Amino acid sequence: MIQVPFIAVEGPIGAGKTTLATMLAHRFQYPIVKEIVEENPFLDKFYQNIDEWSFQLEMFFLCNRYKQLEDTGLNFIQQQLPVISDYHIHKNLIFAERTLKGIKRDKYREIYHILTDDLPRPNVILYIRASLDTLMHRINKRGRDFEQDMEVGYMEQLIADYDAGMAFLAEREPATRIITINGDDLDFVEHTEHFEQIAARVQKELNS
Ligand SMILES: Nc1ncnc2c1ncn2[C@@H]1O[C@H](COP(=O)(O)OP(=O)(O)O)[C@@H](O)[C@H]1O
Ligand SMILES: Nc1nc2c(ncn2[C@H]2C[C@H](O)[C@@H](COP(=O)(O)O)O2)c(=O)[nH]1
């Protein structure tokens, strides 16, 4: 039985992380930690020129997530209170290993480990996998300007990097329960019964 639930919802851009994390937070009456997107000053510049802006962007995400997860540890986990978040800290490496090169990647790795090695780690991960078509459709539906010209190759690579990232976590942190959700087949927004299936799987993990 999991002592204090710390659930992270993960998956590539547009998979439905924020949507599902919000629905589960509501269902289980857990507080939610959401990543900061709209206030990020580098995202639109990044999508226009990845090589030029990747270090600033990755550092911005890293520092924000560090602060949020440090607070999550203090305010929830150490107080024996459950919490759900719409990301896992490992997301930083999934992106940064792809967008950074050379000495910047080396520097980033070092800073990443210094900042994150002692942060609280989720004990349950919901990994939403979805096809390129589904993700592109949802990114389009969400309609954020800066994401509309995103290169298909970038998304294809990200899908593969996410699979590798989750496999890495499964091996490195075997105590973490990873629930993989097929985001093409399970439409938890349109079909209540699909959401109920997912909520039941989470409940089962929390009880086991
Ligand atoms: N299962 C789903 N079925 C249909 N639309 C979805 C589903 N999940 C998410 N969406 C929609 O897709 C868009 C992206 O979802 P979002 O939760 O913001 O994804 P993420 O946080 O993974 O980037 C939103 O417009 C959301 O309403
Ligand atoms: N290069 C990175 N981009 C990131 C990172 N985290 C999020 N993002 C981008 C992807 C989307 O355009 C937007 C919101 O992310 P969602 O996954 O919530 O859709 O921000 C990152 O660490 N590096």
Side-chain angles (χ1 to χ4, degrees), residues 8-26 32-69 84-101 104-105 108-109 111-112 115-116 125-155 157-159 161-162 165-166 181-199:
V9 183
E10 261 304 352
I13 308 168
K17 299 177 290 294
T18 307
T19 308
L20 182 59
T22 306
M23 291 169 79
L24 287 169
H26 191 252
I32 184 166
V33 177
K34 284 189 193 176
E35 84 176 349
I36 296 166
V37 176
E38 304 300 337
E39 298 86 342
N40 189 319
F42 301 113
L43 261 175
D44 56 346
K45 295 187 181 83
F46 169 81
Y47 282 117
Q48 283 161 35
N49 188 341
I50 293 186
D51 287 344
E52 177 73 20
W53 289 99
S54 52
F55 190 73
Q56 284 88 336
L57 180 81
E58 303 307 350
M59 287 302 299
F60 184 91
F61 273 118
L62 178 58
C63 292
N64 271 293
R65 290 179 184 140
Y66 169 70
K67 170 72 177 139
Q68 281 188 321
L69 293 177
I84 184 161
S85 76
D86 69 352
Y87 65 87
H88 186 290
I89 193 67
H90 190 67
K91 175 177 190 174
N92 288 281
L93 274 189
I94 293 178
F95 278 91
E97 288 288 343
R98 188 60 58 189
T99 66
L100 298 175
K101 295 186 184 83
K104 286 186 178 169
R105 184 161 58 188
Y108 180 90
R109 277 184 193 145
I111 301 167
Y112 172 86
L115 289 183
T116 67
I125 300 174
L126 274 121
Y127 171 36
I128 311 171
R129 293 189 81 230
S131 63
L132 182 67
D133 274 1
T134 299
L135 296 174
M136 294 309 273
H137 174 75
R138 293 196 184 144
I139 290 168
N140 191 265
K141 177 178 168 190
R142 182 165 63 190
R144 285 180 185 145
D145 280 349
F146 54 78
E147 288 173 349
Q148 298 313 306
D149 295 328
M150 194 183 304
E151 296 205 1
V152 168
Y154 181 76
M155 279 302 292
Q157 187 64 66
L158 190 62
I159 292 169
D161 288 345
Y162 254 98
M166 291 300 133
I181 292 167
N182 183 332
D184 295 326
D185 293 346
L186 285 182
D187 187 337
F188 43 85
V189 171
E190 304 292 336
H191 298 283
T192 315
E193 67 276 20
H194 292 181
F195 174 69
E196 293 304 332
Q197 264 185 49
I198 295 168

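Keep in mind that what you see is a predicted model, and the values were worked out from it rather than measured. All ligand and atom numbering here is 1-based and tracks the order in the structure.
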For atom 7 (C) of ligand 1, what is the closest protein heavy atom, and at what distance to 0.1 Å? V189 CG2, 3.3 Å
Do me a favour and list the nearest non-hydrogen protein atom to atom 1 (N) of ligand 1 with residue, atom name and distance? D187 OD1, 3.1 Å
Any nitrogen or oxygen of I13 lying under 3.5 Å from a nitrogen or oxygen in ligand 1? Just yes or no. no
Any pair counted as salt bridge (charged side-chain N to carboxylate O under 4.0 Å, His left out), so long as it reaches residues 13-25, sequence neighbours left out: none
Quick one: does G14 get within less than 4.0 Å of ligand 1, heavy atoms only? yes
Can you list every pair that meets salt bridge (charged side-chain N to carboxylate O under 4.0 Å, His left out) and has a residue in residues 47-59, with sequence neighbours left out? D51-K101
Among non-hydrogen protein atoms, atom 26 (C) of ligand 1 lies closest to T19 OG1, 3.7 Å
Determine whether Y162 and F95 make a side-chain contact, defined as any pair of heavy atoms from C-beta on separated by less than 4.5 Å. yes
For H88, does its backbone N or O pair with a side-chain atom of E10 as donor and acceptor, under 3.5 Å? yes
Relative to the heavy atoms of T18, which atoms of ligand 1 are at a distance of less than 4.0 Å? 17 (O), 21 (O)
Looking at side-chain heavy atoms only, is the closest gap between T99 and F46 below 4.5 Å? yes
Should we say atom CD of E151 is surrounded by more than 12 heavy atoms from elsewhere, each under 6.0 Å from it? no
Answer yes or no: does atom NZ of K104 have more than 12 heavy-atom neighbours from other residues, nucleotides or ligands under 6.0 Å? no
What residue and heavy atom of the protein are closest to atom 13 (C) of ligand 1, and at what distance? R138 O, 3.6 Å
Nearest protein heavy atom with distance in Å, relative to atom 18 (O) of ligand 1: R142 NH1, 2.9 Å
Is it the case that more than 12 heavy atoms not belonging to D145 sit under 6.0 Å from its CG atom? no
Whether over 12 other heavy atoms sit under 6.0 Å from H137 NE2: no
protein heavy-atom neighbour closest to atom 5 (N) of ligand 1 works out as K141 NZ, 3.0 Å
Atom 19 (O) of ligand 1: closest protein heavy atom, distance to 0.1 Å, is G16 N, 3.2 Å
Under 3.5 Å, N/O to N/O: give me all the pairs between ligand 2 and the protein, one per line with atom names and distance.
residue: ligand 2; atom: 1 (N); partner: E58; partner atom: OE2; Å: 2.8
residue: ligand 2; atom: 6 (N); partner: R65; partner atom: NH2; Å: 2.7
residue: ligand 2; atom: 12 (O); partner: Y47; partner atom: OH; Å: 2.6
residue: ligand 2; atom: 12 (O); partner: E147; partner atom: OE2; Å: 2.5
residue: ligand 2; atom: 15 (O); partner: E35; partner atom: OE2; Å: 3.3
residue: ligand 2; atom: 17 (O); partner: K17; partner atom: NZ; Å: 2.8
residue: ligand 2; atom: 17 (O); partner: K91; partner atom: NZ; Å: 3.1
residue: ligand 2; atom: 18 (O); partner: E35; partner atom: OE2; Å: 2.8
residue: ligand 2; atom: 19 (O); partner: R142; partner atom: NH1; Å: 3.4
residue: ligand 2; atom: 19 (O); partner: R142; partner atom: NH2; Å: 3.3
residue: ligand 2; atom: 22 (O); partner: R65; partner atom: NH1; Å: 3.0
residue: ligand 2; atom: 23 (N); partner: E58; partner atom: OE1; Å: 2.7

Pairs flagged by salt bridge (charged side-chain N to carboxylate O under 4.0 Å, His left out) wherever residues 87-100 is involved - sequence neighbours left out: E35-K91, E97-R109, R98-D161
Are Y154 and I13 side-chain neighbours, meaning at least one heavy-atom pair lies under 4.5 Å? yes
